[in-house]
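Structure record follows, encoded as structure tokens.
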Amino acid sequence: MTPSRPYLVRALNEWIVSNEMTPYLVVDAGVQGVCVPEDYVTNGQIILNVSPGAVSDLLIADDAIEFSARFGGVPTDILVPSAAIKGIYAKENGRGMVFEEDEQTPPEGPPPGDIKKPALRVVK
């Protein structure tokens, strides 16, 4: 299955905005492909305001989030791969979601030998 994170981010962003609150993304700035202003990174992460009034051209795609925003008055293009998103929440009340470190897709093929399959037996 494809990762659920981008679907959840889209849904939560819509929910937060619909409730007239401010959606904030928590981003792991150390993930490969993240393009954010380094001056605003603290302890390896950055919090991004993605409200309609703060950004333009917001695109929440399956593989990344892209938008333009101003940082210190300077227009900046932002790119955040979906894997770098650690959470999304409403600034005003903290409601939202924190994501698992890494969504793992189970490997293809038979299960490892140490996993026992369920067994049924007839009881009379």
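- Applying the 4.5 Å side-chain rule to ILVMFWY residues, one finds Tyr24, Val26, Ile47 in the same cluster as Tyr89.
- When hydrophobic residues (I, L, V, M, F, W, Y) are linked wherever their side-chain heavy atoms come within less than 4.5 Å, Leu79 remains an isolated member.
- Both Ile60 and Trp15 are members of a single hydrophobic cluster when ILVMFWY side chains are connected at heavy-atom separations under 4.5 Å.
- From Ser68, atom OG reaches atom CD1 of Ile78 across 8.0 Å, with rounding to the nearest 0.5 Å.
- Atom CE in Met97 sits 10.0 Å away from atom CD1 in Ile16 (nearest 0.5 Å).
- Rounding to the nearest 0.5 Å gives a distance of 10.5 Å between CD of Glu14 and CG of Asn19.
- In terms of heavy atoms, Ser82 sits closest to Ala64 at OG-N, 3.4 Å.
- Closest non-hydrogen pair, Gln45 versus Lys86, comes out as OE1-NZ, 3.4 Å.
- Clustering ILVMFWY residues whenever any of their side-chain heavy atoms sit less than 4.5 angstrom apart, transitively, puts Val17 in a cluster other than the one holding Val9.
- Criterion: ILVMFWY side-chain heavy atoms under 4.5 Å apart, direct or through other members. Under it, Tyr7 and Leu25 are not part of a common hydrophobic cluster.
- Pro6 approaches Pro3 most closely through the heavy-atom pair CD-O, 3.6 Å.
- Screening Val27, Leu48, Leu12, Val98 against Ile88 for a side-chain contact (heavy atoms from CB on, under 4.5 Å) leaves a single residue, Leu12.
- Side-chain contact check for Glu92 versus Thr22: some heavy-atom pair is nearer than 4.5 Å.
- In terms of hydrophobic clustering, with Ile, Leu, Val, Met, Phe, Trp and Tyr side chains grouped at heavy-atom distances under 4.5 Å, Val55 and Met21 are assigned to a common cluster.
- Between Ala83 and Arg5, the shortest heavy-atom distance links the atoms O-NH1, 3.1 Å.
- With respect to Asn13, the side-chain contact (heavy atoms from CB on, under 4.5 Å) criterion is satisfied by exactly one of Leu58, Ile65, Leu8: Leu58.
- Here the OG1 atom belonging to Thr2 is positioned 6.5 Å from the CG atom belonging to Asp62, to the nearest 0.5 angstrom.
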